[in-house]
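Order of appearance sets the numbers: ligands from 1, and atoms from 1 within every ligand. Bear in mind the structure is a predicted one, so any value in this text is a computation, not a measurement. Start at 1 with the first residue, then count along the sequence.
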Amino acid sequence: MALRDILIHPDPRLKKVADPVADVSTELRRLADDMLETMYDAPGIGLAAPQVGIPSRLLVMDCVKEEGAPPRPMVLINPEITWSSEALNTYEEGCLSIPEQYGDVERPAEVQVTWTDLDGERQEEQFSGLWATCVQHEIDHLNGKLFIDYLKPLRRQMITRKMMKLKRERARA
Ligand code: K1U
Ligand code: ZN
């Protein structure tokens, strides 16, 4: 397993619609392992393949937050939201591609998602709470959308400028 570099906004690779995964290859399993390691190391609760520069419809997540509870690493290939609740939930979201910036995003409180797992089996689950927020945030990444796209233009512009400055500083270091 290896840590992968996480792309920082603004980056054109974060704005592209990712391609469907054709088959669960050894290379894909290695990518999923690396993404989980990268997510736990960050630390984060989710990560989508475009964030590590791979334009494929693959995401990982683990939203278990309770101290001492067993982890639940999940790998979702070609995920699709098949149902969204009318009830909405607002969560102050962050993003590993937009470090240390946060904003309130309103999304459906519950979603039904289907995906392919690492055994090639189609799975289905209804997510609520932080899991629902996270899976929608990650699927947005697969569609080239960032949480700041839900914020007011001025706030989005301010965050983008901060990230450009951060990237310049990192490039100089
Ligand atoms: O996709 C990403 O950039 C990861 C992102 C996922 C996410 C966060 C909040 C709401 C929706 C989706 C993160 O994991 S940011 C880091 C974070 O939320 C966190 C970090 C440590 C402990 C707990 C949470
Ligand atoms: Zn994100």
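Under the 30°/60° scheme for interplanar angles, the aromatic rings of His141 and His137 are found to stand perpendicular.
Judged by the 6.0 Å and 45° rule, Arg57 forms no cation-pi pair with Trp115.
Side chain to side chain, Tyr150 and Asp104 fail the donor-acceptor criterion of an N or O pair below 3.5 Å.
Close contacts between ligand 1 and Glu138 involve ligand atoms 1 (O), 2 (C), 4 (C), 6 (C) [criterion: under 4.0 Å to a heavy atom]. Within the listing of ligand 1, atoms 1 (O), 2 (C), 3 (O) sit less than 4.0 angstrom from a heavy atom of Gln51. Proximity to Pro43 (heavy-atom distance under 4.0 Å) selects the following atoms of ligand 1: 16 (C), 20 (C), 21 (C). Taking every non-hydrogen atom of Cys95 and a distance limit under 4.0 Å, the qualifying atoms of ligand 1 come out as 3 (O), 15 (S). Near Gly46, the atoms of ligand 1 lying under 4.0 angstrom from a non-hydrogen atom of the residue are 1 (O), 2 (C), 4 (C), 14 (O). Residue contact check: His141 has heavy atoms under 4.0 Å from atoms 1 (O), 3 (O) of ligand 1.
Taking all heavy atoms of Glu100, Met61, Glu93, Arg107 into account, the minimum distance to atom 10 (C) of ligand 1 is reached by Glu93.
Restricting His137 to its N, O or S atoms, the one at the least distance from the Zn ion (ligand 2) is NE2.
Atom CD of Glu92 is surrounded by more than 12 heavy atoms from other residues, nucleotides or ligands within 6.0 Å.
Vertex the Zn ion (ligand 2), arms ending at NE2 of His141 and SG of Cys95: the angle is 110° after rounding to 10 degrees.
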